[in-house]
Every structure is written in C-alpha cells, then in structure tokens.
Amino acid sequence: MDRFKTHVLPLIQDQLIELGAGHLPLSRMLTASREADQGDLSLPCFGFAKVLGQSPAAIADSLAAAIPPHEAVASVRAVNGYLNFTAAADWMAASLLQQSQEQFTTDQPRTVLIEHTSANPNGPFHVGRARNAILGDTLVRLNRLWGNNVTAEYYVDDMGKQVAVLAWALAELTPERVEAILEEREPVNAQWAHKADHQRVRFYQAAQILRQDEEVKNSIEEAIGSLVHASEHGDENVLDAFQAAYQPVLDGMLETLARLGINFERFTKESTFVTNGDVAELMETLQGLEIHGEAENGAHFLDLGARGLKGKTEFFYRRGDGSSLYATRDIAYHRWKWQQSNALVNVLGEDHKLQAKQVGLTLEELNERRPEVVFYSFIKLPEGKMSTRRGNVVFMDDLLEEAQAQAATVVRELRPEYHEEDVIRIAEAVGTSAVRFNIIKVSPEKGFTFRWEDALTFEAGSAPFAMYSHTRACSISAKVAKIGRPQQPVTVPSSDEIPEGMRSLLRALCTQRDVLAKAVEEHRPHLFAEHLLQLANAYNAFYRDCPIVDGDTVNEFYFAVSELARERLQLGLTGLGLEPLQNM
RNA sequence: GGGCGUGUAGCACAGCUGGAUAAUGCAUCGGCCUCCUAAGCCGAAGAUCGCGGGUUCGAAUCCUGCCGCGCCCGCCA
C-alpha cells in the first residue's frame with residue numbers, strides 16, 4: 001500500500017496547506033487502517049484540532065469534501081474525526097498486474113553478512129537450538145527476497161571447553177565404558193545410530209558425568225584444562241585433534257539443518273583469529289585504550305562503565321596467563337567480518353545479551369560499528385530447559401521424523417489415491433515446513449515452550465494452510481493450461497464489478513511488499529509469516545467467490561489475479577523456507 | 001541485590017515509534033462437499049490488555065511503583 005500512499009499524500013497535503021496546517025508531519029500521521037471496513041489508509045485529525053481551532057470531526061469533514069477525485073481512490077470518508085481512504089479495486093488490480101519483478105525488490109540493495117546458528121559442535125541439533133537456525137535462515141531468505149546480497153555464515157567454536165571435553169572423551173573412553181556410564185539414560189535411537197553426531201554425543205555426555213565424579217574429576221579437569229590452554233595458545237596438534245573430534249558431529253548437525261532447507265555459504269573457525277595473530281594484535285591495541293585496566297594477577301580488562309555499561313562494568317579480555325577469552329576472539333572475528341561486508345547481522349540467544357553489549361561497546365571504542373543483533377528467547381520443554389549435557393532434549397532428527405510420519409498419516413487419509421512415494425514426498429515437505437513455521441511465526445523475544453501438538457498442527461494458522469492455498473492456485477493453473485485457449489490481453493473491469501472476495505486478496509497482494517520491507521529492516525520475520533497467512537486466507541475467499549473455469553471458458557481477469565497470487569504465495573512460502581508444493 | 005526481556009479470551013499468539021469496535025489460530029457451539037483439492041469456507045460465543053499511580057484531547061502501547069515468569073551479572077563458552 002506504499003504506492004497507494006504516494007498517490008494519496010499529495011491530495012491531502014494540498015488541502016492542509018490551504019487550511020494552514022501544511023507544516024505537520026503528514027506522512028507519519030497517515031497510516032494503514034486498522035480494520036478492513038475502515039479503508040486502507042487513515043488520517044487521524046486530532047492533531048490538527050489545536051492548530052486549526054476546529055474539532056477533529058469538522059476538519060475530517062471539510063477535508064473529505066475538498067479532496068479531489070483520483071483514479072486510485074475509491075472513497076474518502078470522514079468518520080469520528082478520522083479521514084479514511086479506500087483504494088480502488090480496479091486500480092489495485094491494474095497496478096499489481098503491471099508490476100515487474102524489479103519493482104518488488106529494493107532499489108537500494110545492501111550486502112549483508114548474517115551469522116546464525118553457530119552452535120557448539122558437541123551433539124545432535126536439538127529443538128532448543130532450532131530457533132536460532134530457523135530465525136537466521138529466514139532472515140537470510142527474506143533479505144534475498146528483498147534483493148539484498150547475503151552471505152550466511154556459521155562461526156565454528158572449535159577451541160572451547162565443550163570441544164575439549166568431546167575430544168578428551170573420544171580419546172580416553174571406550175564405547176563400552178560410555179554406555180555403562182549412560183545406562184540410566186535412554187539408548188541411542190537406532191534410526192540415528194549411523195550418524196556421528198548421535199554417536200559422539202554419548203561420549204560427551206559420559207564425560208560430563210565423570211566430571212562430577214569425586215574420584216576422577218580432578219585428573220579429568222586437569223587434562224581438559226591443559227587441552228583448552230593449548231588450544232587458546234594456538235597449538236596446532238591440539239586444534240587438529242579437536243577438529244577430528246567435532247567435524248563429524250558438525251557434519252551430522254548440518255545434515256539435519258539441510259533437511260530443514262538451512263544451508264551456509266561459509267564456515268569460519270574461531271581458532272583462525274588466534275593462529276593468524278589477529279587476537280594478539282587486538283589485545284595489544286586494547287591495552288593502549290584509555291579505559292584499559294589491569295588486575296593484580298596480570299589479567300586485562302576494559303572499564304566499560306565509562307561508556308555507559310551498567311552492572312558489572314569490568315570487561316575482561318585477557319587472562320592472567322596472557323591467553324584470550326571467547327569475547328576477545330569474538331571482537332577479532334567482528335573486525336574481520338567488517339572487512340567482508342557493510343552490514344552485519346547476528347542471531348543470538350538472550351543469554352548473550354551482556355556479552356554482545358561488551359563486544360559492541362569495544363568495537364565502538366576501536367572506531368568500528370557494532371553489528372545489528374537479533375536476540376531470541378529460549379525454547380523450553382514443558383518439563384523445563386533443554387540441555388545436551390543432561391540429556392533432556394528433543395532432537396531435531398526425531399522431531400522431523402515424527403512430523404513427516406504424522407503428515408503422511410494425514411495425506412493417506414485425505415488422498416487415498418496417492419502413490420506411497422508421493423505421500424512421502426508431500427509428507428516430508430509438509431512436516432518440515434510445519435516445524436519451521438511453528439517457530440518463525442512467534443516473535444523472537446517471546447518465550448517459547450515446545451509442544452508436539454503445536455509443532456504438528458496442519459490446520460489454519462500453520463504452514464500447510466498457506467501451502468494448501470498455493471496448491472489450489474496451482475491446480476487452477478494446470479486446469480487452465482489443459483483447456484488451451486488463444487492468448488488474449490486482460491482487461492480490468494470497473495471496481496463495482498470486482499467481487500468482495502477479490503478485494504481482500506488485492507489488498508493482501510498490495511501490502512506484501514510493505515510487510516517484507518519492514519520484516520527485513522527490523523529483522524522481524526514473524527510479520528511476514530503473519531502476512532502470508534493473511535494472503536492465503538484472502539486467496540481462499542477469492543477461490544470461493546470468483547470461479548475461474550466454467551466448462552471450457554476461462555475468466556481471464558480472475559485467472560490473471562489467481563496467477564499473480566500463485567506467484568506471490570510461492571514467493572512468500574519460499575521466503576520463509578516452506579516448500580511450495582503443486583499438490584498435497 | 002543489580003541489568004535486560006516478558007505478562008493480552010480456557011490455551012497459544014498479533015498489535016507496543018500513542019489514535020476508532022484489541023486481530024488471528026486452537027479448543028467450544030451451529031451451518032456448508034452433485035460445484036476449480038473440505039489440510040477449506042461461513043457464523044456464534046469468549047478479553048477488568050498482570051495490579052496501582054501518572055502524562056495526554058486520547059494509553060494494551062509512553063513514564064513510574066509493585067507482583068509473576070525468563071535470561072544474564074565467570075580471568076567459562
């Protein structure tokens with residue numbers, strides 16, 4: 001509706017200048033109407049009352065009377081001090097049918113580096129980690145849809161304690177010992193027994209249990225501590241051993257993510273910045289800063305209280321032994337990232353808020369910009385927080401398998417005529433899409449409790465609902481293709497010949513681009529998800545009210561609108577990582 | 001204790017850069033398959049917007065106090 005606004009704005013502006021209120025920020029005041037029956041754009045006239053010395057209702061009335069007719073405007077009405085504009089259906093249809101691809105994407109594309117997921121490679125991907133990956137990948141997709149040039153990057157934590165624990169366990173424990181330690185827990189799901197992430201996490205979990213054991217914990221701690229120490233000083237043998245330990249796990253995790261349609265262009269290892277000297281150079285630079293401080297044992301910190309940080313203001317970036325900390329490496333990483341891209345977006349769990357603030361303030365201290373960060377609240381289970389260490393998790397592999405199975409049950413029931421291979425293909429698309437949508441439709445800062453019954457809903461308000469509208473459009477498309485008829489130009493009928501069911505569809509099609517722009521600029525994919533449901537819903541009303549094929553005759557105008565909607569539904573589904581099936 | 005976030009119908013959730021009758025889905029109740037796929041459509045009922053104060057012509061939205069929940073406050077990652 002931004003295009004509608006560009007037509008309406010000058011019409012009002014001229015009248016306001018005449019009335020003597022031309023200086024007010026009209027563009028900001030003219031906003032989308034809240035209810036569909038109010039129109040498309042509304043101008044509250046309360047703000048003019050004081051300046052003009054008249055009641056809002058009187059101002060709205062006189063504006064309504066003075067606005068000249070315009071092809072884009074169906075009606076201007078004054079209601080309760082509001083001036084409501086309704087877009088003309090024929091104008092919407094005509095401008096939508098003319099719009100080219102270039103007009104849909106941004107005219108100022110950015111180069112954006114989006115870092116997301118970056119989960120420690122110590123075990124299978126679980127639902128608790130999924131919000132990051134799904135949020136991040138959706139941001140990647142929406143940015144691309146908007147015309148931005150995007151790199152999706154996974155920052156591999158290849159030198160921390162978690163990897164050290166994994167490497168230690170793989171070197172020191174036998175499979176038999178591991179299973180003996182874990183006998184209280186559920187065994188590995190046989191279906192995933194071949195996947196290294198599921199195999200190796202057992203070693204990790206066993207080690208975590210041993211680390212609690214009074215008899216051996218000291219010696220283990222010492223062994224792991226020396227591994228961590230060596231990795232932080234860039235010991236290549238240790239780093240190689242770490243990589244040998246985690247790479248198969250990471251590969252397993254990526255296999256899971258790929259099933260959800262999530263892929264990365266680049267993997268950057270944390271240790272890179274230690275071995276190439278960036279971290280050492282960074283620490284030297286930080287030492288020269290005005291806010292630098294040193295503790296008794298030789299550890300270094302910055303006093304970020306001087307830069308507005310509240311609470312604990314000392315930010316330690318160097319240990320007493322001279323080694324770096326995770327945040328220090330993260331700063332080096334960010335300086336490197338700024339050389340790759342002119343916009344940085346990070347997707348982080350809310351537990352990283354303080355850390356991100358420290359990194360951001362330090363980057364500013366170094367005359368770099370801070371990245372844009374999208375924080376999300378954790379996904380918990382009804383029983384509580386998920387944890388790989390404790391083993392109370394829902395693995396993504398299990399969830400996707402279950403989703404597919406449930407979807408297959410539905411398909412078999414609804415479409416008994418389908419062949420089994422089609423059932424599986426459709427069920428896979430429906431299952432993975434439903435899982436993604438269930439998570440992406442909720443705004444990230446909201447706490448999220450994972451429930452099987454929510455994740456596996458295929459009704460209105462879910463991914464399959466939107467996918468279903470798309471298949472309806474596809475089947476019309478196929479039906480029309482089969483009829484085969486001479487190509488003729490589409491003529492848009494006058495507004496009063498356009499049924500109500502089509503109006504809501506035209507409106508939804510008109511607002512899609514505005515919503516995409518907002519979702520991308522504000523990093524809020526759920527807005528776009530919400531809109532896709534609206535679009536699908538509007539398509540269903542159109543489908544009901546506007547029969548396209550009647551025997552051998554095709555209503556060309558309806559068909560053109562249906563085709564546009566089909567393309568836009570497909571675009572919306574793809575943008576959210578949902579699979580646009582032809583039939584389901 | 002301090003910082004950040006969150007609290008909206010039975011459940012889940014949108015709206016939060018102030019504006020009209022607080023949107024949507026599930027669940028509940030009723031209607032629609034000789035008709036382009038009913039994973040759909042139409043309708044009904046359901047909300048002291050956590051509680052108290054304040055600012056404003058106008059507050060779910062802004063400020064403030066309290067209460068509940070989450071995360072953080074490591075020379076861990």
Side-chain angles (χ1 to χ4, degrees), chain A residues 28-29 31 33-38 42-47 49-50 55-56 79-82 84 120 157 159-164 228 270 295 297-301 309-314 316-321 323-327 329-330 349-355 357 375 377-378 380 385 407 410-411 413-415 430 434 438 441-443 445-449 451 453-454 457-469 471-480 501 526-527 529-530 533-534 536-537 540-541 543-550 554 558-559 562 583-584:
Chain A
R28 213 165 51 80
M29 296 166 77
T31 55
S33 308
R34 216 183 49 188
E35 307 291 334
D37 61 1
Q38 291 160 353
S42 292
L43 179 70
C45 296
F46 307 94
K50 211 167 251 177
S55 77
V79 186
N80 300 333
Y82 290 83
N84 292 335
N120 276 314
D157 191 344
M159 55 179 294
K161 193 170 270 180
Q162 306 213 30
V163 187
V228 171
E270 186 180 344
N297 70 346
H300 292 216
F301 63 86
L309 188 68
K310 290 176 189 162
K312 194 201 173 224
T313 61
E314 288 170 351
F316 281 89
Y317 66 87
R318 198 182 109 149
R319 293 197 185 86
D321 69 1
S323 63
S324 63
L325 287 120
Y326 176 81
R329 288 168 236 138
D330 202 23
E350 60 179 340
D351 56 336
H352 279 66
K353 276 188 180 176
L354 174 60
Q355 151 105 10
K357 198 158 205 173
F375 292 106
S377 190
F378 287 115
K380 342 182 271 273
K385 198 177 164 179
V410 174
V411 179
E413 194 183 311
L414 260 29
R415 317 272 181 259
V430 167
N438 180 239
K441 73 174 179 193
V442 179
S443 65
E445 68 277 9
K446 204 83 113 185
F448 190 106
T449 303
R451 291 185 182 86
E453 59 271 33
D454 292 345
T457 292
F458 303 141
E459 295 170 303
S462 71
F465 170 79
M467 292 161 75
Y468 184 67
S469 297
T471 63
R472 282 179 152 176
C474 286
S475 78
I476 289 174
S477 212
K479 200 168 177 180
V480 171
H526 74 281
L527 299 177
E530 195 93 359
L533 290 178
Q534 257 181 52
N537 195 257
N540 288 337
Y543 181 86
R544 180 195 66 218
D545 287 355
C546 303
I548 292 166
V549 183
D550 181 14
V554 174
Y558 289 175
F559 182 56
S562 180
N583 43 46
M584 57 189 276

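Owing to the predicted nature of the structure, the values given are computational and were not obtained by experimental measurement. Letters A, B, ... mirror the listed sequences (proteins, then strands); counts begin at 1.
Among B/A39, B/C57, B/G40, the nucleotide with an atom closest to any side-chain atom of A/Arg472 is B/G40. Taking every side-chain heavy atom of A/Lys310 into account, B/G3 is the closest of B/A39, B/C57, B/G3. Each of B/U21, B/G15, B/A77 was ranked by its minimum atom distance to the side chain of A/Arg34; first place goes to B/U21. In the set B/C36, B/C75, B/A77, the nucleotide with an atom closest to the side chain of A/Asp157 is B/A77. Closest to the side chain of A/Glu459, out of B/C36, B/G40, B/A20, is B/G40. Here the side chain of A/Asp351 is nearest to one of B/U8, B/C71, B/C41, namely B/C71. Closest to the side chain of A/Lys446, out of B/C16, B/A77, B/C36, is B/C16. Across B/A77, B/G5, B/C36, the shortest atom-to-atom separation from the side chain of A/Gln162 is found for B/A77. In the set B/C75, B/G40, B/A20, B/C75 carries the atom at the smallest distance from any side-chain atom of A/Phe316. With B/C75, B/C36, B/A39 as the choices, the nucleotide that has an atom nearest any side-chain atom of A/Val549 turns out to be B/C36.
A/Ile548 comes within contact range of at least one nucleobase, with a heavy-atom separation under 4.0 Å. Within the 4.0 angstrom heavy-atom criterion, only backbone atoms of the sugar-phosphate kind lie near A/Leu527; the bases stay farther away. Nucleic acid contact class of A/Asn120 (heavy atoms, under 4.0 Å, all strands): sugar-phosphate only. Base contact: A/Met584 has a heavy atom under 4.0 Å from a base atom. Counting non-hydrogen atoms under 4.0 angstrom, A/Gln355 reaches a base of the nucleic acid. Within 4.0 Å of A/Val480, counting heavy atoms only, lies no atom of the nucleic acid at all. A/Cys474 comes within 4.0 angstrom of nothing in the nucleic acid, heavy atoms only. Contact annotation for A/Ala295: base contact, defined as any heavy-atom pair under 4.0 Å involving a base atom. Contact annotation for A/Gln38: base contact, defined as any heavy-atom pair under 4.0 Å involving a base atom.
Between A/Phe559 and A/Ser477, the shortest heavy-atom distance links the atoms CE1-CA, 4.0 Å. Between A/Gly81 and A/Phe46, the closest heavy-atom pair is O-CE1, 4.2 Å. Taking all atoms of both residues into account, the shortest heavy-atom contact from A/Asp157 to A/Val163 is O-CG2, 3.1 Å.
Counted within 6.0 Å of NZ on A/Lys357, heavy atoms from surrounding residues, nucleotides or ligands total 12 or fewer; the atom is thus considered open. Around atom CG of A/Asp37, more than 12 heavy atoms belonging to other residues, nucleotides or ligands sit under 6.0 Å away. At most 12 non-hydrogen atoms from other residues, nucleotides or ligands lie less than 6.0 angstrom from CD of A/Glu413. More than 12 heavy atoms of other residues, nucleotides or ligands shown are found within 6.0 angstrom of NZ on A/Lys312.
For B/C41, the OP1/OP2 oxygens have a side-chain nitrogen or oxygen of A/Asn537 closer than 4.0 Å. Checking the phosphate oxygens (OP1, OP2) of B/A77, a side-chain nitrogen or oxygen of A/Arg329 falls inside 4.0 Å. Side-chain nitrogen and oxygen atoms of A/Arg319 include at least one within less than 4.0 Å of the OP1 or OP2 phosphate oxygen of B/C76. One finds a side-chain N or O of A/Lys312 lying less than 4.0 angstrom from the OP1 or OP2 phosphate oxygen of B/C75. Residue A/His352 places no side-chain N or O under 4.0 Å from the OP1 or OP2 atom of B/C4. The phosphate of B/A14 (OP1 or OP2) has a side-chain N or O of A/Ser443 nearer than 4.0 angstrom. The phosphate of B/A39 has OP1 or OP2 within less than 4.0 Å of a side-chain N or O from A/Arg415.
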Item to check | Dot-bracket pairing map - RNA chain B, Watson-Crick plus G-U, both contacts under 3.5 Å, | cross-strand | outcome: (((((((..(((......[....))).(((((.......))))).....(((((..]....))))))))))))....
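Side-chain to base pairing of A/Asn540 with B/A39: no donor and acceptor N or O lie closer than 3.5 Å to each other.
Mapped onto RNA chain B by nearest heavy atom, A/Lys441 and A/Phe378 fall at different nucleotides, with A/Lys441 at the one closer to the 5' end. Mapping A/Tyr543 and A/Lys357 onto RNA chain B by nearest heavy atom places A/Lys357 closer to the 5' end of the strand.
Here the side chains of A/Leu325 and A/Arg319 are in contact, with some heavy-atom distance below 4.5 Å.
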Item to check | Audit row: A/Asn438, A/Phe448, side-chain contact (heavy atoms from CB on, under 4.5 Å) steps and yes/no | outcome: CA-CA 10 Å; A/Asn438 180 239; A/Phe448 190 106; 3.6 Å; yes
